[in-house]
Chemist: 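Take this structure first; my questions come after.
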Amino acid sequence: MHFLNELNESQRKAAEHLYGATMVIAGAGSGKTRVLTYRIAHMIENEIDPFNILALTFTNKAAREMTERIGSIVGADEAKNITMGTFHSVFSKILRFNADRIGFPNNFTIYDTQDSKSVIKDIIKGFKLDDKTYKPSNVFGRISSAKNNLISPEAYCQNEEIKLEDQQARRPEMGRIYMSYMNRCQKSGAMDFDDLLYYTNVLMRDFPEVLHYYQHKFKYILVDEYQDTNYAQYLIIKKLAAAYENICVVGDDAQSIYSFRGANIENILNFRKDYPDFTLYKLEQNYRSTKNIVEAANSIIKKNKDQIHKSVWTENQNGNKIKVVRTPTDNEEGRSVASFIHEKQGKSNCSYNDFAVLYRTNRQSRSFEEALRKLNIPYKVYGGLSFYQRKEIKDLLAYFRLAANPNDEEALKRVINYPKRAIGKTSIEKLIVAANNYTTSMWEVICDFHKYPVDINNGTKSRISEFATMIKSFQSEINTKDAFSLAERIARSSGIMKELIDAKDKGPEEVERFQNVEELLSGIQEFSNSGDEVDPNTLADFMLEVALLTDADQEKPEEKNHVSLMTIHSSKGLEFPNVYLVGMEENLFPSQMSLHSRSDLEEERRLFYVAVTRAMESCTLSYAVSRFLWGQSISCEPSRFIDEIDPNYLEFSSKSKSINRGLSMKGFEGARTGGLNKMTNPSLRSLKEVTRQKSSSSNEQDIKVGYNVEHKTFGKGKVTHMEGLGADQKATIFFPHHGSKTILLRFANLEILNDE
DNA sequence: CCAGTACTTAGGTTG
DNA sequence: TAAGTACTGG
């Protein structure tokens, strides 16, 4: 059968429409990836040269999978010539190729978020600003969104509106920091993630011949997950597509969940303006989920005001209702989900791959990990601290980075004294200051103390020079020697290997560190071997790839038989027969931060929609009545999102015995008005009431206005005012010796001295 | 210069 | 709670 016959009518139309501007709005589970794949295969069958195709995906993994699937249709040799990847990976390659034009070395480093923040921190320190008003992560966020909107440092400083905003936020130096940050990165030959898009725009704006070249190379452009593109990405596509206007964007406004990093739904609206005679296709038939799940999801998204109308439907069976489970604590939530999985897996003998636990925040994984481990259920936690962010990996990579680009200041700072070579903080500080004064890089300074005198004692200086000599010796081999032998040599002669081996008998964590480094090295070995004898894959080649890799790229599919634990964000695009959506509580999901604005709340709701539509057969929502947060137990209310689902698709269960016991012990009998196994929606509300009462009465710090209290540092005082609830509860206290102070109770550790 | 200790303070998602 | 930072004495 020809592959196009595997598509339904609207899918097929979208796949066959090859010329002109096309927008495909694809509901969840409507076979979007399949359309993209077949569309590209169809293009190649119609004699379109793969070299002329640019396909931008959201993750590297998606790109790889799609290349593979297209290869299986049209042949791998053809498929490998398609330019396919994330915006970041495709354009980092283009930037490397043209780096000299914009004042970067072609082996520029890519700074990750940690690196960027560390640079910013340094700048704030250098400017002698208070790092509480200028929090590195805030500053970084502000710079990032400026870049995503293509606002240059100069434009930032001149823009009156921005100036006013920063002044009102009492951060008038923001523009100066932004400017200095850009300079520092450039001096270090480094780009951050946002720079990859920002400088691509600069390149295409200032070098028409470059733009012209890529416009004619990429005659056909496809963009997946279009709803999650930001302005910088939008403009790149617009410029590239300007010559031929063969552009196809695929997305679903209902699944836009990345506005926090600049994604802009307006790109969809702009598309209509930019290409007025575009063709719109809607994919509305869902092939993934049961009717109950599809309908429940529809009832959720209906509450959002901002959306493109579409009606997702399915021919699949009704299936079971969505289960809602309540547990007393977060740990019990972990145990109950683990036992559900255990039971179900045992009964149907399905694979552990069929289960996913989805949560809003990474830190929620803990209770599920513990519970699953106890039941011997294999699991894998996705996201969180990635392999490439681990200290030991970053340390070794820093040496590699230095070998490729010694001006990389973050890498230099990281390893100049690791392993210990008696080069202390003060000396490093002096080097940084010197580099800034001489307007050169730290590396240049340490290479030539005659040209750049620094006030450091001679012993330290000679140790620094020794270090520089070592780096130079690595540097000389980075483009010639094969990746693995150089990597191994660096690991050994830097002293990192010895350091890790010596630490090994300290404990299991140290052993793991060593194993991680071994894993990295074996990955490099694999990479080395994939090159050929004459022209080996070098460490420089490896470093070009590595900065943009994520954990998902590491995964070996054959090893996969485990329950997946991940955030909802990282579940985008995936599907699982059984989904457990946990932590369905107010202030957690929807997140507390989202409650201030309608658009933020709508994004949370879209996130909820994404979560529910991951489920194929069964979906379970769970919430805990109390949860540990920063070492304190706080009480929680069920999420408003549970109420928002049409109750016809819900089933309230309190199946597990331990849950019932837990509840009655804490006095929740009143909530179970609807019988043992089923509760109706109103009973959920009554439960909320109970929860609320609990939260006000069970507060351990029962402090009221007028109380005399004693504080660890301020001594005795009298409470004059109270504000906030729960963890935010604050008391204003008058201390005779220190004046009036407003203090967060959960940190204050007050002693109540009632009867004085 | 360095290691060990006391103290502070997170609030969220990612290439 | 846990991680990261600031401080202090060797």
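Just so it is clear, the structure is predicted and the values come from calculations on it, not from any experiment. Note on naming: letters A, B, ... go to the chains in the order of the sequence lines (proteins, then strands), and numbering restarts at 1 for each one.
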Chemist: Base, sugar-phosphate or nothing for Gly424(A)? Non-hydrogen atoms, less than 4.0 Å.
Modeler: sugar-phosphate
Chemist: Can you tell me if Asn362(A) touches the phosphate of dT14(B), counting only side-chain N or O atoms and a distance under 4.0 Å to OP1 or OP2?
Modeler: yes
Chemist: Assess whether a salt bridge exists between Asp192(A) and Lys147(A), defined as any Lys/Arg side-chain N lying under 4.0 Å from an Asp/Glu carboxylate O.
Modeler: yes
Chemist: Please give, in whole Å, the distance from dT14(B) P to Phe260(A) CZ?
Modeler: 7 Å
Chemist: By a 5.5 angstrom centroid cut-off and a 30 degree plane limit, is there stacking between Trp630(A) and dT9(B)?
Modeler: no
Chemist: Counting only non-hydrogen atoms, which of residues 595-615 of chain A are less than 4.0 Å from DNA chain B?
Modeler: Glu604(A)
Chemist: Is there a donor-acceptor contact under 3.5 Å linking the side chains of Thr113(A) and Ser116(A)?
Modeler: no
Chemist: Looking across every strand, which nucleic acid part, if any, lies under 4.0 Å from Ser594(A) by heavy atom: base, sugar-phosphate, or nothing?
Modeler: nothing
Chemist: Arg363(A) near the nucleic acid: base, sugar-phosphate alone, or nothing, with a heavy-atom cut-off under 4.0 Å?
Modeler: sugar-phosphate
Chemist: For every nucleotide of nucleotides 3-8 of chain B, 5' to 3': is a protein heavy atom under 4.0 Å from its base (B), only from its sugar-phosphate (S), or from neither (-)?
Modeler: S-----
Chemist: Consider the side chain of Arg360(A), meaning its heavy atoms from C-beta on, and name the nucleotide among dG12(B), dT5(C), dG11(B) that approaches it most closely.
Modeler: dG12(B)
Chemist: May I ask you to evaluate whether Asn457(A) reaches the phosphate of dC1(B), defined as a side-chain N or O under 4.0 Å from OP1 or OP2?
Modeler: no
Chemist: Looking at Ser570(A), does any N or O in its side chain come under 4.0 Å of the phosphate oxygens OP1/OP2 on dT13(B)?
Modeler: no
Chemist: Whole Å only: how far is the NZ atom of Lys147(A) from the P atom of dT14(B)?
Modeler: 20 Å
Chemist: Could you check whether Asp131(A) gets within reach of a base, just the sugar-phosphate, or nothing at all, counting any heavy atom under 4.0 Å?
Modeler: nothing
Chemist: Has Ser427(A) got a side-chain N or O lying under 4.0 Å from the OP1 or OP2 atom of dC1(B)?
Modeler: yes
Chemist: Can Asn516(A) and Glu392(A) be counted as having a side-chain donor-acceptor contact under 3.5 angstrom?
Modeler: yes
Chemist: Can a side-chain donor-acceptor contact be found between Thr229(A) and Tyr258(A) if the only test is distance below 3.5 angstrom?
Modeler: no
Chemist: Between the side chains of Lys303(A) and Glu602(A), is the shortest nitrogen-to-carboxylate-oxygen separation below 4.0 Å, so that they form an ion pair?
Modeler: no
Chemist: Under 4.0 Å between any heavy atoms, over every strand shown, what does Phe628(A) touch: base, sugar-phosphate, or nothing? Just pick one.
Modeler: nothing
Chemist: Would you say the side chain of Arg261(A) and the base of dT13(B) hold a donor-acceptor pair, judged only by whether the two atoms sit under 3.5 Å apart?
Modeler: no
Chemist: For residues Asn457(A) and Thr460(A), is any side-chain donor paired with an opposing acceptor at under 3.5 Å?
Modeler: yes
Chemist: Hey, does Ser89(A) reach any base, or is it just sugar-phosphate, or nothing, if we go heavy atoms under 4.0 Å?
Modeler: nothing
Chemist: With heavy atoms under 4.0 Å as the rule, sort Asp194(A) into base, sugar-phosphate or nothing.
Modeler: base
Chemist: Side chains of Glu603(A) and Ser259(A): do they bring a donor and an acceptor to under 3.5 Å?
Modeler: yes
Chemist: Does OP1 or OP2 of dT14(B) have a side-chain N or O of Lys572(A) closer than 4.0 Å?
Modeler: no
Chemist: Step by step, would you call Leu548(A) with Leu196(A) a side chain to side chain contact (heavy atoms under 4.5 Å, CB included)?
Modeler: CA-CA 11 Å; Leu548(A) 295 168; Leu196(A) 296 175; 4.0 Å; yes
Chemist: Quick one: Glu545(A) CD to dG15(B) C1', roughly how many Å, whole number?
Modeler: 15 Å
